[in-house]
Amino acid sequence: MTIRLPSGPYEPRGEPAVPTAGGAPPTSRAAFSAAHVVADPYADVSPDSPAAVDWDATLAFRHHLWSHGLGVAEAMDTAQRGMGLDWAGAAELIRRSAAEARAAGGRIAAGAGTDQLSGPADLATVRAAYEEQLAVVEDAGALPVLMASRALAAAARSPDDYLSVYAGLLRQASGPVILHWLGPVFDPALEGYWGSTDPDAATGTFLEVVAGHPGKVDGVKVSLLDARREVDLRRRLPDGVRCYTGDDFHYPGLIAGDERGFSHALLGVFDPLGPLAAGALRVLDTGDTAGFRALLDPTVALSRHLFQAPTRFYKTGVVFLAWLAGHQDHFTMVGGLQSARSLPHLARAYQLADGLGLFPDPALAEARMRTLLTLYGVPQ
């Protein structure tokens with residue numbers, strides 16, 4: 001039956017195209033999905049209130065990702081860190097999710113940053129904030145991801161300040177960590193990270209941090225939406241240090257790689273793409289790069305739509321698709337972020353996801369889309 005979208009009539013597909021059953025973790029690439037949080041729709045909160053989380057639905061979604069063989073990257077920007085989820089909520093999320101990972105035998109990494117700080121801070125305060133969060137992640141048993149810090153970006157005056165702060169953190173870390181370079185396209189407050197607005201100079205400082213601490217860096221997560229720079233950076237990494245792509249525009253080619261290497265994956269778009277992405281990676285495990293690209297390349301149009309500028313609001317589309325897919329019973333987000341994208345944007349996300357066959361129950365997705373359209377005054 002035709003559904004009326006803002007762009008015109010659309011005929012939904014009738015059957016899903018992705019597996020509903022899980023599978024073994026991929027072997028040729030390490031693959032993490034950054035995962036969203038599910039809000040409690042019955043909580044009496046305002047956009048300025050601490051996040052009210054539906055813990056059952058939030059943790060059930062992590063089990064969904066683990067069941068398909070993906071790792072979970074917890075309390076990252078996809079979970080609305082700094083955009084509705086404060087440090088107290090993130091710490092509880094990390095502890096709960098890590099305990100579920102142990103029970104499920106799933107792999108988990110978790111973000112450690114400085115978002116408990118408010119207002120200006122000096123470098124010593126920034127480092128102490130990082131140390132507090134690193135301890136929580138390590139105590140939970142998750143692989144730490146040292147997230148880019150707005151407070152450090154504001155406090156640092158030179159590349160040496162970054163080198164000093166990260167050196168102290170890596171010396172203190174009990175095991176290897178992932179270093180995260182989140183570009184200003186995701187968070188404008190991170191402009192000039194690593195001490196320079198010149199990407200070449202910033203890359204040099206970033207690599208200096210990695211090279212100066214052998215054995216302490218599992219890998220680097222690069223979220224710059226610049227495939228050429230990511231390839232150049234990964235070719236300059238020391239042996240044994242992984243490059244995890246965070247490039248939601250160019251991930252199929254970066255993961256497939258070339259004769260000189262490849263990127264692993266730590267991606268927000270793997271939240272809605274979970275089963276399809278895991279299946280594609282298992283095809284890649286067999287050496288069938290063409291088959292992998294045939295599965296994953298068609299998803300790029302959806303990903304680019306979700307992550308279009310202003311990119312930091314991609315979380316709205318991710319949660320919207322989770323609602324349509326039946327992973328949660330409502331389209332409500334912490335901080336009221338469900339209002340951050342327009343109806344035409346959401347309708348196009350539905351159309352692209354449905355075209356890929358991402359919805360386990362296309363009829364449910366269609367019914368929920370009709371409900372939203374009717375609410376917005378689009379007659380069906």
Side-chain angles (χ1 to χ4, degrees), residues 29-30 32 71 73-77 94 107-115 117 121-153 155-183 190 192-196 198-224 229-246 260-266:
R29 306 290 190 271
F32 291 90
E74 190 55 274
M76 305 289 291
D77 53 301
I94 290 166
R107 192 174 186 198
I108 185 166
T114 64
D115 48 324
L117 299 176
D122 59 22
L123 293 177
T125 303
V126 170
R127 178 176 164 180
Y130 261 129
E131 289 171 346
E132 176 190 354
Q133 296 201 14
L134 178 61
V136 169
V137 174
E138 290 187 329
D139 288 348
L143 172 65
V145 182
L146 293 184
M147 302 172 70
S149 163
R150 294 175 182 172
L152 180 55
R157 295 293 175 263
S158 71
D160 287 342
D161 289 340
Y162 289 89
L163 294 172
S164 173
V165 169
Y166 278 92
L169 293 171
L170 290 169
R171 283 195 300 268
Q172 176 179 311
S174 61
V177 307
I178 296 174
L179 300 180
H180 188 189
W181 185 358
L182 187 70
L190 299 176
Y193 212 75
W194 304 111
S196 179
D198 176 357
D200 292 332
T203 298
T205 302
F206 187 46
L207 288 168
E208 188 174 347
V209 172
V210 176
H213 302 86
K216 281 301 187 78
V217 181
D218 168 88
V220 299
K221 171 171 158 52
V222 186
S223 301
L224 302 177
R229 183 163 298 282
E230 180 175 323
V231 170
D232 175 70
L233 187 152
R234 82 182 182 205
R235 289 175 177 174
R236 296 166 64 187
L237 289 172
D239 290 344
V241 177
R242 295 167 167 166
C243 180
Y244 293 91
T245 188
R260 295 178 60 184
F262 55 81
S263 295
H264 299 270
L266 200 165

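Basis for what follows: all heavy atoms, side chains included, without hydrogens, waters or symmetry-related copies. Bear in mind that the values here come from a model prediction, so they are computed numbers and not experimental data.
Ion pairing between D115 and R150 fails under the 4.0 Å rule for side-chain N and carboxylate O.
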Practice problem: Could you give me the CA-CA distance, side-chain angles and deciding distance for K216 and V210, then say whether side-chain contact (heavy atoms from CB on, under 4.5 Å) is met? | Solution: CA-CA 8 Å; K216 281 301 187 78; V210 176; over 6 Å; no

Practice problem: Assess whether side-chain contact (heavy atoms from CB on, under 4.5 Å) is satisfied between V209 and L179, documenting all intermediate values. | Solution: CA-CA 9 Å; V209 172; L179 300 180; 3.8 Å; yes

Quiz prompt | Working for side-chain contact (heavy atoms from CB on, under 4.5 Å), residues Y244 and V220 | solution = CA-CA 6 Å; Y244 293 91; V220 299; over 6 Å; no

Quiz item: Should S164 and L123 be marked as a side-chain contact (heavy atoms from CB on, under 4.5 Å) after you check the CA-CA gap, both sets of side-chain angles, and the distance that decides it?
Solution: CA-CA 9 Å; S164 173; L123 293 177; 6.0 Å; no

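Between atom SG of residue C243 and atom CZ of residue F262 there is a gap of 10.5 Å, rounded to the nearest 0.5 Å. How far CG of L169 is from CD of Q133: 11.0 Å, rounded to the nearest 0.5 Å. Atom CZ of R234 and atom NE2 of H264 lie 9.5 Å apart (nearest 0.5 Å). From H213, atom NE2 reaches atom OH of Y166 across 12.0 Å, with rounding to the nearest 0.5 Å. A distance of 9.5 Å separates CD of E138 from CG of L143, quoted to the nearest 0.5 Å. Residue Q172 holds its CD atom at 6.0 Å from CG of L134, rounded to the nearest 0.5 Å.
In this view, F206 and W181, W194 satisfy the ring pair (Phe, Tyr, Trp, His ring centres under 6.0 Å) rule, not counting sequence neighbours.
V137 approaches P144 most closely through the heavy-atom pair CG1-CA, 3.6 Å. The minimum heavy-atom distance between D218 and P176, with the atom names listed, is N-CB, 3.7 Å. Closest approach of Y193 to S149, counting heavy atoms only: OH-N, 3.0 Å. The shortest non-hydrogen separation linking A75 to M147 is O-SD, 3.8 Å. Across all their heavy atoms, T245 and S263 have their closest contact at CB-CB, 3.9 Å. Pairing each heavy atom of G111 with each of I94, the nearest pair is O-CD1, 3.7 Å.
Judged as a salt bridge (charged side-chain N to carboxylate O under 4.0 Å, His left out), the pairs with a partner in residues 127-137 (not counting sequence neighbours) are, in order, R127-E131.
Between the side chains of T203 and D200, not a single donor N or O lies within less than 3.5 Å of an accepting N or O.
Taking 4.5 Å as the limit, some side-chain heavy atom of V222 sits within range of a side-chain heavy atom of L233. Inter-residue side-chain proximity for L146 and I178 is flagged as unmet; no heavy-atom pair is nearer than 4.5 Å.
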